[in-house]
Amino acid sequence: MIATLIVAWIVFIILWKLLKATLKSALTIAAILILLNISFGITPQDIWYHVTQFAQTISQIQSGK
């Protein structure tokens, strides 16, 4: 019973740290997107378009086209 509680506590701590890191990253990205939108009028769709274009360019370079 005690071993089960210790393992459960360790799993809880790991999940808590993972959740904190995920939320921190998500909030940072959201803040950056909001600042880009307010400062320069850049929308998340604009950023996503450029990210996908970049990925396609890298893919084409790797395939030798």
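Values in this document were obtained by computation on a predicted structure and should not be read as measured data.
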In terms of hydrophobic clusters joined by side-chain contacts under 4.5 Å, are V51 and I32 together? yes
Sequence neighbours excluded, every pair satisfying side-chain hydrogen bond (donor to acceptor under 3.5 Å, both in side chains) that has a member inside residues 17-45: T43-Q45, T43-D46
Transitive ILVMFWY cluster of I10, excluding itself - 4.5 Å side-chain cut-off: I2, I6, I14
Tell me, please, which residues at least two apart from W48 pass ring-ring contact (aromatic ring centres under 6.0 Å, His included). none
May I ask you to decide if Q53's main-chain N or O and T57's side chain share a donor-acceptor pair within less than 3.5 Å? yes
Going by side-chain contact (heavy atoms from CB on, under 4.5 Å), name the residues that satisfy it together with I29, two or more places apart in sequence or in a different chain. L33
For V11, which fellow cluster members are found when Ile, Leu, Val, Met, Phe, Trp and Tyr are connected by side-chain heavy-atom distances below 4.5 angstrom, either directly or through intermediates? V7, L15
Hydrophobic cluster of I38, others only, ordered by chain and residue number, side-chain cut-off 4.5 Å: I34
For F12, what residues pass the ring-ring contact (aromatic ring centres under 6.0 Å, His included) criterion, not counting sequence neighbours? W9
Joining Ile, Leu, Val, Met, Phe, Trp and Tyr whenever any side-chain heavy atoms lie under 4.5 Å apart, the cluster holding W16 also takes in L19, L23
Identify, with sequence neighbours excluded, every residue that meets side-chain contact (heavy atoms from CB on, under 4.5 Å) alongside F54. I58
